Amino acid sequence: MVDHRLLWRSSIRFLFCFHKTASQTMRKSPAKRLTKPFGSMMRSISLVMLICLITPLMANAAFTASVNRTVIASHETLELTLRTDVNNSDAPDLSPLEWSFDVLGTRQQSQTSIINGKREYSRDWVITLVPKQQGNVVIPPIKLGDQQSEPITIEVRDKASDDSGSDTSPLFIKAEVSSESIYVQQELIFTLQILFRVQLYDDNRLSALSIDDTLIQQLGETQKFDTIIDGIRYRGFELKYSIHPQAVGEMVIPALTFTGVAAEPRDPFGSIFSNGGKPVIARSPEIRVEVKPKPDNYPVKETWLPARNLTIQETWSQPLNTLKVGDAITRTITVKADGLSAAQLPPILMPQPEGVNSYPDKSGTEDRESLNGIQGQRTDSIAMIPTQSGTITLPEVEYSWFDTTRGETRISTLPATTIHVAADPNARTQTPPLSIATPAESEEHKATECPESVVVSNESNNTSIRLWQVLTALFALLWLVTLGIWRFKSSSGKQTNSPEKIDAKNPPSQNQAQEAAAFVHLETACQQKNARQALNELQNWSRFYLQNEKLASLSDCLNQLGSSKLKASCNALEGSLYSAEPSVTDIHALLNTLLEDCRRIRNEKTEKGNDQELGNLYPG
């Protein structure tokens, strides 16, 4: 192959020598006056030819751009090569490429050769590009110092020209959802499969899945598998995500980008001399899902719970047929919901029957992940102490939810439980007969029976009765003190900031009792540093505090509460839970701030209520 640059330079040297020789000959010739017109013409011709040869040489030394192909598929990469003959430290400005392309990598290579004693130098920048859109895409001019390359137009198609109707490219992504139409807060399973038939190195990356107004959680670890498509064996990765939309409308699952480095089979030394292989890329299709509001016939006062299945069961700490007055027994109720996270399940409110003292015990939540989705589990316990013997009936416990499979509202129920409480035998033997405890009857016994013996017996009985009453009062007082200490430690330790004032003449309403129980659950979640549960307990407490069961999301509750500081704490907690990047937020401090704000809100309402009561007592 002829080296045009060498030919041009040889021609330039020849014309330069010819021009110089002609000038010297004309000056030395005795007939220079006769040959002067001819010599001038020859010098002009040689000068014109010299300029014509220098111009293409200067153009050849300019900064150039070239691509390895001009027609590609949307999932394929493109190599742009920038070349210069100037040996300096300048680098091209690649920022104009970012508008239409993703830059996967850049590598440099230089070459120096000596031909016929002349040194030739070239320097290349090879940039791997992926187009961001289909159609005709222009590679803009690239600048290197004072030089600039020419623009290049490429055609980006949906598939390569040699592709059939099926996906047979070396690398592609499949994406599917469990349903194209769901209800708000219903679980959606998003499955992503990355298929490849080329050798990939370990430097592979997948862009993070991020959707506004949703809760996203990956299900399990990334699975590896093999499959055959159109007679071609593919290896693949499979990822599954659980998505809970929090807003009604159209939800768009964006295209995810997978980038990797594929080995080049034609270069056996690629891993040593070619930066590990060729960059490859694939994108998943964009998916749109309709998110419907909850049905109008769903009970307004019930928490919206769209699930595939929901079960409720109870356990007792001891058999019910051996229960006596004063025995402590714990009732534990567990709710399991397929398709809901534990944070979505509201607390179980167990009514308190007559003849039983009840105290909230520990509660807990747990999420169990599987390839079929999330199963949320919530456990609530209550300690019960019978105060009287006989038959005690615990009313049934109902849990309303929406069956997404059948498309109807259902109620899971625990049937009513009957407990037979026996009297305490020890208390009966220690208690003397009531007939000798009254002074009137003692006086009658003095007149009809032996006075002396009756008086002695009555004094001894009165003494024993007083002693028993004193001991009973003392033990009851100690028991109440112990119970108060236990309740004090089980709570946040700061109950004095939000005292619950109960008037014996005006007992609290059911909503007030539910609000108090919900706030205890909120305090427990904050103390356990469980941010996810704390946010859910905050939403549940807000419904009772605001007496508005129509609040379907945490954002609605925060807007109604009207505390910017509380909203900032919740946003920070949600960011730490659902951010794709690791968070350095102090969750414990945020939970303390959240709890203090809620206490302040409750105190403000209590103070307003007290002011109203004083106004009624002392009207102006």
Side-chain angles (χ1 to χ4, degrees), residues 73-75 102 130-134 156 158-159 166-167 169 171-196 204-225 227 234 236-260 280-294 304 306-308 338-341 343-344 367 369-376 402 404-405 532 552-555 571 574-575 577-581:
S74 58
H75 63 271
D102 288 327
V130 177
K132 294 182 178 180
Q133 57 188 7
Q134 298 180 10
V156 182
D158 184 18
K159 293 184 179 181
S166 60
D167 289 319
S169 56
L171 173 67
F172 64 95
I173 298 179
K174 286 185 175 181
E176 61 181 11
V177 292
S178 56
S179 177
E180 295 181 354
S181 178
I182 61 174
Y183 290 96
V184 63
Q185 298 182 0
Q186 178 184 344
E187 182 183 46
L188 179 75
I189 305 299
F190 175 57
T191 304
L192 196 72
Q193 289 185 342
I194 304 170
L195 299 161
F196 55 93
N204 304 318
R205 296 181 181 180
L206 178 67
S207 58
L209 176 60
S210 178
I211 309 173
D212 294 337
D213 297 326
T214 59
L215 303 180
I216 303 175
Q217 184 174 349
Q218 183 175 344
L219 299 175
E221 302 293 334
T222 303
Q223 304 293 322
K224 296 182 179 180
F225 67 95
T227 186
Y234 281 82
F237 304 116
E238 183 179 84
L239 299 92
K240 287 195 173 185
Y241 298 89
S242 171
I243 303 175
H244 289 85
Q246 303 298 303
V248 177
E250 185 181 52
M251 179 180 66
V252 179
I253 301 178
L256 301 184
T257 302
F258 175 83
T259 57
V280 292
I281 189 171
R283 286 192 179 92
S284 65
E286 184 180 86
I287 300 179
R288 298 179 180 271
V289 178
E290 178 190 8
V291 181
K292 300 178 292 186
K294 67 178 182 180
W304 170 243
R308 294 186 297 273
D338 294 336
L340 292 176
S341 64
Q344 294 177 267
D367 284 335
E369 300 176 0
S370 68
L371 296 180
N372 297 324
I374 292 179
Q375 183 189 71
F402 185 80
T404 57
T405 303
R532 190 187 302 272
S553 65
L554 180 59
S555 60
N571 292 337
E574 289 180 338
L577 287 175
Y578 309 117
S579 176
E581 300 179 356

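Sequence positions, counted from 1, serve as the residue numbers for this chain. These numbers were taken from a predicted model, which means no experiment stands behind them.
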Review point. Crowded around Glu250 CD? As in, over 12 foreign heavy atoms under 6.0 Å?
Key: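 Atom CD in Glu250 is crowded, with more than 12 foreign heavy atoms closer than 6.0 Å.
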Point to revise | Gln134, CD: over 12 other non-hydrogen atoms inside 6.0 angstrom | key: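 Counting neighbours around CD of Gln134, more than 12 heavy atoms of other residues, nucleotides or ligands fall under 6.0 Å, so yes.
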Which heavy atom of [X] sits nearest to which heavy atom of [Y], and what is that distance?
| X | Y | value |
| --- | --- | --- |
| Glu221 | Gln218 | C-NE2, 4.2 Å |
| Ala282 | Leu171 | CB-CG, 3.7 Å |
| Ser179 | Leu188 | O-CD1, 3.2 Å |
| Gly376 | Asp367 | CA-OD1, 3.7 Å |
| Arg308 | Asn372 | NH2-O, 3.3 Å |
| Val289 | Ser181 | CG1-N, 4.2 Å |

Does the [X] side chain pair with the main chain of [Y], one donor and one acceptor, at a distance under 3.5 Å?
| X | Y | result |
| --- | --- | --- |
| Ser207 | Thr257 | yes |
| Ser178 | Ile189 | yes |
| His244 | Gln217 | no |
| Thr404 | Ala307 | yes |
| Ser370 | Gly373 | yes |
| Glu369 | Gly220 | yes |
| Glu187 | Ile374 | yes |
| Trp304 | Gln185 | no |

Exercise for review: With Glu238 as reference, evaluate Gln223, Gln193, Lys174 under the side chain to side chain donor-acceptor pair (under 3.5 Å) test and give the passing residue.
Suggested key: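 Only one of Gln223, Gln193, Lys174 forms a side chain to side chain donor-acceptor pair (under 3.5 Å) with Glu238, namely Gln193.
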[X] versus [Y]: any side-chain heavy-atom pair under 4.5 Å?
| X | Y | answer |
| --- | --- | --- |
| Thr259 | Asn204 | no |
| Asp102 | Arg283 | yes |
| Ile173 | Leu195 | no |
| Leu256 | Leu192 | yes |
| Pro245 | Val184 | no |
| Leu209 | Phe190 | yes |

Practice item. Dump the intermediate steps for side chain to side chain contact (heavy atoms under 4.5 Å, CB included) on Ile253 and Val177, then the final yes or no. Key: CA-CA 10 Å; Ile253 301 178; Val177 292; 3.7 Å; yes
Quick one: pull up [atom1] in [X] and [atom2] in [Y] and give me the separation to the nearest 0.5 Å.
| X | Y | atom1 | atom2 | value |
| --- | --- | --- | --- | --- |
| Leu239 | Leu219 | CG | CG | 10.0 Å |
| Leu215 | Ile243 | CG | CD1 | 10.5 Å |
| Gln186 | Lys294 | CD | NZ | 14.5 Å |

Review point. Looking at Glu290 and Lys292, does any basic side-chain N land under 4.0 Å from a carboxylate oxygen?
Key: no
Practice item. Measure centre to centre between the rings of Phe258 and Phe196, then say whether the value is under 6.0 Å. Key: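 Not close enough - the centres of the two rings lie 6.0 Å or further apart.
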Check your understanding: Is the gap between the ring centers of Tyr234 and Phe172 under 6.0 Å?
Key ->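 For Tyr234 and Phe172, the ring centres are under 6.0 Å apart.
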Practice item. Scan side-chain atoms only and decide if Gln246 and Asp213 contain a donor-acceptor pair under the 3.5 Å cut-off. Key: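 Absent: no donor and acceptor within the cut-off.
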